[in-house]
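A, B, ... follow the sequence lines: proteins, then strands. Residue 1 opens every chain. When reading the values below, keep in mind they use all heavy atoms of this one structure, side chains included, and skip hydrogens, waters and symmetry mates.
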Amino acid sequence: MPVATRETSDARVIAHLDMDCFYVQVEQRKQPNLRGLPTAVIQYNSYKGGALIAVSYEARKYGVKRSMRGDEAQEVCPQIQLVQVPVARGKADLNTYRNAGSEVVSVLARKGRCERASIDEVYIDLTEAAEAMLKEAPPENLDDIHEEVLKSHVLGFIVEDENDTKKEVRKWLCRSDADYHDKLLACGAIIVADLRMQVLKETEFSCSAGIAHNKMLAKLASAMNKPAQQTIVPRSSVKGLLESFPIKKMKQLGGKLGSSLQSDLGVNTVGELLKFSEEKLQQRYGINTGTWLWNIARGISGEEVEGRLLPKSHGSGKNFPGPQALKTISLVQHWLNRLCEELSERLQSDLDQNKRIARTLTLHARAYKGGDSDSHKNFPSKSCPLRYGTAKIQEDAINLFQAGLREYIGFYNNKSLGSQSNRWGITSLSVAASKMVTIPSGTHSIVKYFGGQLQPSSSLKQTPESVIHEAAPSSPSGGESCLGLNSYESQLGYPEEDTRMKYLRASFGQQVDQSKGDDLTEESSLLSPQAIENGTAEKEPQPSFPVEEPRHIHAVPTLKTVVKKNTAKEKGNCSILKFFKNHHDHCTSVKQHATNGQGSESNYHSDSTINNQVESLKETNHEAIGTDNGESSASHEAGEGRASWSYRMEEIDPSVVDELPPEIQLEVRAWFRPLKRPNVVKRGSIITHYFSTNKD
DNA sequence: ACGGCTTATACT
DNA sequence: TAGTATAAG
């Protein structure tokens, strides 16, 4: 969601890379004979030929669109090649695409801080690389510029002679009298073209890119010329670009917020937003969204490229539309088991590949309910601590479902009224694992980590395990986690090497209450046996119905004061640092120390993935502490992993800014403004609406 | 109550 | 915090 941001520095170089019809490309790589043919990827071709989820550019020429069914696609393009998404356990399996996405990221991550924005999109901060190039090999000195760079589109740059586009682009890129900002972008474009070629060479995937001074503009630009092209957004073109840009096409404004802008404020282009004061926007949309809107109207977006190569959560889900809705517990259990199997498998790979564990399991479902006035109510999501092992996950998931179902069906559901509200059906089920924590790799054994709550020798003040124990003193079986260890070991027969597993399992091995079924709801007792007779249920253990919901072992409220420290983000590459050249050196060295060397080229060679793992490991460790002592959030918000100054912003007297040169005062002041402010203005509340009839 | 399946994030 | 809602691709 939109966050209030400010422009920390407009001299950044940010690129957004967007794979072209990614799923199609993945399939074409697997089946090269499909290359160049109109192709689409579909899932579940049973109903109307399946749903299209990706369409090649050849096929788009025929009017084939995503959100068509396979049948429709064949009508408009009879030669179309339809490739099915792999199916595993009766559901679509997207793993091949996820892995392909990772390939791309690992190529890009060599050149700068990367943020995996989705399965096929990446942001990369090229500020440092561009600055370095400008210093050492500026475009104006280059006599050989690659074709791919010359094919760049430069927004707002009028090409005089269509036949000589490349020559003119070359001139734009190499102007010695160019703005500093434009020079940086030119370097960015050269680097990006190179990266795209690298990606193509190493993965066989083509992509498009946008190069701009911030994420928002880069993202916008990458979509402007597809496929396999790149677009530069010079600062001077921003105003003209946004002026007529449809508000609904802005990221984050494609939904209700964008619609509200149109219907409530009559704003249809980004430019029309300029008419409204920041206060007005805040009154209507809240303090954070208001500022955010005010900013994007001006092409400002201070969001950082996050430096995250791995997903923050894993999920597995499936819809059961219309007639397929699940109407028995047994069926639900069957599908939950399948989903949990997939989830468990993916958690296992994540653990093996990235040394991360997930701490929370969440169940989501959608349901309909016959009759009563509450039938519009949503099925509640439920979560609990995640215990590793497929069977455990399955067990917890079904319990979460039961808890949700009871809540969903409602209490008044006694015998007389039962028959009506008995008619429920599940139209969607999913399980997700979140709160990923990186565990230390290499020399530090997991034992020291998880078993070391008595040893302050570790840099951590509190271990994850102690967090759990402390937080769940009331768990009747929580103490068994250590005993559970042996059974886990034998049960899953882990290879001797992986001692960490048993500790992980121990850590997450709390038993969930398993009281027996006197608490069966009318529905459950009615439906389950039925399903068994139907043979719809596989030979899977029938669930026991808990009296209580699975225990939540998260921190019980304590007296600790949660002090939110809104430390401004520090930056290592902004103009003030150039202003104080001597400070710059200091700053950079601190930064490299703090981040394991994001900064210098020499730190990057072959195993950048390791570097990044270490980096994210640090983050998550901080998080582990933070959840318990509420303190490390400060470092988190300060943009850890980035430049770190040796003092805290909040300790500086803001009045010192007045003594700085005027040209940098604005920027420095921004540092003192908190990134996010508590939202006091109630959105759409009657009272604010009443009093907000002022100015504008 | 069909586009299906994932992921992320803000708000409360 | 857990749970809900919104958004995107």
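The ring-ring contact (aromatic ring centres under 6.0 Å, His included) search around A:Phe205 returns A:Phe22, not counting sequence neighbours. In this structure, the side-chain contact (heavy atoms from CB on, under 4.5 Å) partners of A:Ala117, at least two apart in sequence or on a different chain, are A:Glu121, A:Tyr123. Residues satisfying the side-chain contact (heavy atoms from CB on, under 4.5 Å) criterion with A:Cys114, sequence neighbours excluded, are A:Leu108, A:Ala109, A:Val122, A:Ile124, A:Leu309. Residues forming a ring-ring contact (aromatic ring centres under 6.0 Å, His included) with A:Phe379 (at least two apart in sequence, or on another chain): A:Phe401, A:Tyr408. In this structure A:Ser208 satisfies the side-chain hydrogen bond (donor to acceptor under 3.5 Å, both in side chains) test together with A:Asp20, sequence neighbours excluded. For the side-chain contact (heavy atoms from CB on, under 4.5 Å) test, residues two or more places apart in sequence or in another chain that qualify with A:Ala54 are A:Tyr23, A:Val24, A:Val41.
Between A:Glu306 and A:Arg116 no salt bridge is recorded (no basic side-chain N to carboxylate O distance below 4.0 Å). Using a cutoff of 4.0 Å between basic side-chain nitrogens and carboxylate oxygens, A:Arg69 and A:Glu72 are not scored as salt-bridged.
When only modelled atom types and interatomic distance are considered, A:His364 and A:Ser430 share no side-chain donor-acceptor pair under 3.5 Å.
With C:dG9, C:dT6, B:dC5 as the candidates, the nucleotide lying closest to the side chain of A:Asp120 is C:dG9. Distance from the side chain of A:Leu257 is smallest to C:dA7 among B:dT9, C:dA7, B:dT7. Of the candidates B:dT9, C:dA7, C:dA5, C:dA5 carries the atom nearest the A:Asn378 side chain, counting heavy atoms from C-beta on.
Note: NZ (A:Lys251) to P (C:dT6) measures 18 Å, nearest angstrom. If you measure from atom CD1 of A:Ile119 to atom P of B:dC5, you get 14 Å, rounded to the nearest angstrom. Rounded to an integer number of Å, the gap from OH of A:Tyr123 to P of C:dA8 is 11 Å. Regarding A:Leu293, its CG atom lies at a distance of 14 Å from the P atom of B:dA10, rounded to whole Å. When rounded to the nearest whole Å, the span between OH of A:Tyr23 and C1' of C:dA8 equals 12 Å. Look at NE2 on A:His16: it is 13 Å from P on C:dA8, rounded to the nearest Å. Protein atom NZ of A:Lys435 is 16 Å distant from nucleotide atom C1' of B:dT7, rounded to whole Å. Atom P of nucleotide B:dG4 and atom CZ of A:Arg338 are separated by 22 Å, given to the nearest angstrom.
Contact annotation: A:Asn319 side-chain N/O to B:dC5 OP1/OP2 distance is under 4.0 Å. At the phosphate of C:dT4, OP1 or OP2 sits under 4.0 Å from a side-chain N or O atom of A:Ser381. Note on A:Ser383: a side-chain N or O is less than 4.0 Å away from OP1 or OP2 of C:dG3. Using a 4.0 Å cut-off, some side-chain N or O of A:Lys256 falls inside it from OP1 or OP2 of C:dT6.
Contacts of A:Met19 with the nucleic acid, taken as non-hydrogen atoms under 4.0 Å apart, are absent. Across all strands shown, A:Ser430 has no heavy atoms under 4.0 Å from either base or sugar-phosphate atoms. Nucleic acid contact class of A:Lys219 (heavy atoms, under 4.0 Å, all strands): sugar-phosphate only.
Distance check on atom P: B:dA1 versus C:dT6 gives 15 Å, rounded to whole Å.
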What are the atom names and distances for every N/O pair under 3.5 Å that joins the protein to nucleotides 1-3 of chain B?
unit_1: B:dC2; atom_1: O2; unit_2: A:Arg69; atom_2: NH1; d: 3.3

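Within residues 91-104 of chain A, the residues that place at least one heavy atom under 4.0 Å from DNA chain B are, in residue-number order, A:Lys91, A:Leu94, A:Arg98.
Listed by first and then second residue, the salt bridge (Lys or Arg N to Asp or Glu O under 4.0 Å) pairs that reach into residues 80-93 of chain A are A:Arg89-A:Glu341, A:Arg89-A:Glu345, A:Lys91-A:Glu342, sequence neighbours excluded.
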